[in-house]
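Right, one structure below, let's go through it.
Within every chain, numbering begins at 1; the chains are lettered A, B, ... in the order of the sequence lines, protein sequences first and strands thereafter.
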There are 2 protein chains.
Amino acid sequence: MSAAAPRSPRRSSGRPRGADSTARREEILATAAQLFSAEGYRGTSMSGVARACGMSQTGLVHYFPTKDDLLQAVMDRRDEIDTAQVRAPAEGRPRGWEFLESLVDLVRHNQGQPGIVRLFTTMAGEAVDPGHPANTWLRRHHRVTADQIRAALAEAAEDGRLAGDAPVGSIVRTVIAAMDGLQIQWLSDPGCPDMAEDFAVLVDALRRRWGG
Amino acid sequence: MSAAAPRSPRRSSGRPRGADSTARREEILATAAQLFSAEGYRGTSMSGVARACGMSQTGLVHYFPTKDDLLQAVMDRRDEIDTAQVRAPAEGRPRGWEFLESLVDLVRHNQGQPGIVRLFTTMAGEAVDPGHPANTWLRRHHRVTADQIRAALAEAAEDGRLAGDAPVGSIVRTVIAAMDGLQIQWLSDPGCPDMAEDFAVLVDALRRRWGG
DNA sequence: CCTACCGATCGGTAGG
DNA sequence: CCTACCGATCGGTAGG
């Protein structure tokens, strides 16, 4: 309507610069991960993410059409990094109980990544609701972790290193629960000591009780 | 200040009915607990709580001047009920490892109270942030629970039922972590089995490892 | 029909 | 406890 509308299409009228879209996506994912971890999904706004990236809200929507799309991309990226961390250290991952003990290293590694830990804990708290957009992610994350631990215990059994009456399901769920729960205490209390040491105590107790 | 201030306290001029204020408070606390557990603190609005109680938002503000006040009252009430549950079953609470085993009953009891479990888990997820209004509650809740478990382990030590080199702090934190973490899995996955059984497996393993 | 955004604004709701 | 509002911001979409 205004006569001041830009009429020189060959100048820097429309978009500012032809920034690389892959780099932009990465920047958005990193920024969104930080905001989701600090404020939760519900507490984070698309315009807030856009502002933190130095772009407009509509520019953000170009990359991620909905808030849900952005969330899925952020959590998928988190799991990619995480999976790489669990599998990579040794080329073939540790066998049997040694895999459980290698999770102690993962917990120790996580202590250097408070942002990642915070993202997981904050999202898990919201996503327990079956209607939450991250519920599917949360359950898949737990299922994948459970499958890995279960496979390791099956190897232990093959090697004669697991009691025949060991409650495998309970062991799996308790190990995952301890990792999740220790993160809550560690994040909420700045004076909370080493998570890895606590977790090692659990693995040791379980192995002594049901290991061969 | 205003000249329109209600001057006829005997008529039904201002407020609709002289509802009992204590009953109203209880109703608000129960309703708010439900909404906080479903939507989180950030996802719950004062006007939403008011609507669910069939009152106006300003009416609600009369009872709880700020959203923070409402939150504190809800969480304090939750802990009151919870503490009564832990202490009451036996008149004097179980001694030593038996207290740890009595926590299995608490976990079993919680399975009949999904609303309470959900409130705790949702709030814990948000409140890991030191700037969150429920952070103080979360840390106090964990500290009180930790003190109880530590006291029980001290009794076990007195009775010669605890190894001298037992890592008491790690045991305490791991037990709490397992309770918190099992709730996440149990809430998020409708097909998840008995939390109490899983938790009992942990207590058994810890007792066999460090019990006398 | 594409990428990479812009300034402006929609109807509705937040805590107070 | 009510009506009547505030400054701001929500997720999402319009045309260009």
Side-chain angles (χ1 to χ4, degrees), chain A residues 1-28 31-32 35-36 39-74 132-134, chain B residues 1-25 27-28 31-32 35-36 39-74 132-133:
Chain A
M1 292 296 182
S2 166
R7 278 280 167 215
S8 51
R10 301 193 193 280
R11 293 288 168 191
S12 62
S13 57
R15 48 193 142 132
R17 265 160 302 168
D20 181 48
S21 92
T22 305
R24 262 299 201 201
R25 266 187 77 95
E26 293 307 308
E27 188 197 345
I28 293 166
T31 305
L35 289 175
F36 282 149
E39 310 290 341
Y41 177 74
R42 281 188 276 250
T44 300
S45 67
M46 288 291 272
S47 43
V49 174
R51 202 181 313 121
C53 293
M55 68 196 297
S56 73
Q57 195 227 22
T58 45
L60 172 60
V61 168
H62 164 73
Y63 289 96
F64 300 98
T66 69
K67 197 183 178 185
D68 195 340
D69 290 328
L70 178 56
L71 174 69
Q72 302 305 329
V74 166
H132 192 281
Chain B
M1 294 297 183
S2 164
R7 280 280 167 214
S8 51
R10 298 184 199 283
R11 293 281 172 197
S12 61
S13 58
R15 45 196 142 127
R17 266 161 302 169
D20 181 47
S21 93
T22 304
R24 263 296 203 202
R25 267 186 78 94
E27 189 197 344
I28 294 166
T31 304
L35 290 175
F36 282 149
E39 309 291 341
Y41 176 74
R42 282 186 275 249
T44 299
S45 67
M46 289 291 273
S47 42
V49 174
R51 202 181 312 119
C53 292
M55 66 196 297
S56 72
Q57 195 226 22
T58 44
L60 172 60
V61 169
H62 166 73
Y63 288 97
F64 300 98
T66 69
K67 196 184 179 185
D68 195 340
D69 291 327
L70 178 56
L71 173 69
Q72 301 305 330
V74 166
H132 193 281

Fill in: Canonical and wobble pairing (Watson-Crick, G-U, under 3.5 Å) of DNA chain C, dot-bracket with |
.....|......|.||

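- The interatomic distance linking A:E39 (CD) with D:dG11 (P) rounds to 12 Å, in whole Å.
- A:R42 places a side-chain N or O within donor-acceptor distance of the main-chain N or O of B:E39, the cut-off being under 3.5 Å.
- Across the protein-nucleic acid pair, A:L60 atom CG and D:dC10 atom C1' stand 14 Å apart, rounded to whole Å.
- Across the protein-nucleic acid pair, A:I28 atom CD1 and C:dA4 atom P stand 10 Å apart, rounded to whole Å.
- Atom pair A:H62:NE2 and C:dC2:P shows a separation of 11 Å (rounding to whole Å applied).
- If you take NZ on B:K67 and CE on B:M46, they are separated by 8.5 Å, rounding to the nearest 0.5 Å.
- Taking CG of A:L35 as the reference point, atom CZ of A:R51 lies at 9.5 Å (rounded to 0.5 Å).
- D:dG11 and C:dA8 have their C1' atoms separated by 15 Å, with the value rounded to a whole Å.
- Rounded to whole Å, the P atom of D:dA4 lies 22 Å from the corresponding atom of C:dG16.
- Between B:L70 atom CG and B:Y41 atom OH the span is 8.5 Å, to the nearest 0.5 Å.
- Regarding contacts with the backbone of C:dC6, a side-chain N or O of A:S56 is found under 4.0 angstrom from either OP1 or OP2.
- Nearest heavy-atom pair across B:R24 and B:G54 is NH2-O, 4.2 Å.
- Separating the CZ atom of A:R24 from the C1' atom of C:dC6 is a distance of 13 Å, rounded to the nearest angstrom.
- The side-chain heavy atoms of B:D68 and B:Q72, taken from C-beta on, include a pair separated by under 4.5 Å.
- Contact annotation: the side chain of B:F64 approaches that of B:R25 to within less than 4.5 Å [non-hydrogen atoms, C-beta and beyond].
- Contact detail for A:A32 and A:V49: the closest heavy-atom pair is CB-CG1, 4.2 Å.
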Table of protein N/O atoms under 3.5 Å from nucleotides 12-16 of chain C N/O atoms:
residue : atom : partner : partner atom : Å
C:dA14  : OP1  : B:S45   : OG           : 2.9
C:dA14  : OP2  : B:S47   : OG           : 2.8
C:dG15  : OP1  : B:T44   : O            : 2.9
C:dG15  : OP1  : B:M46   : N            : 3.1
C:dG15  : OP1  : B:K67   : NZ           : 3.3
C:dG15  : OP2  : B:M46   : N            : 2.6
C:dG15  : N7   : B:Q57   : NE2          : 3.4
C:dG16  : OP2  : B:K67   : N            : 3.2
C:dG16  : N7   : B:Q57   : OE1          : 2.6
C:dG16  : N7   : B:Q57   : NE2          : 2.8
C:dG16  : O6   : B:Q57   : OE1          : 3.0

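- For C:dT3, the OP1/OP2 oxygens have no side-chain nitrogen or oxygen of A:Y63 closer than 4.0 Å.
- Note: B:H62 NE2 to B:M55 CE = 8.0 Å, rounded to the nearest 0.5 Å.
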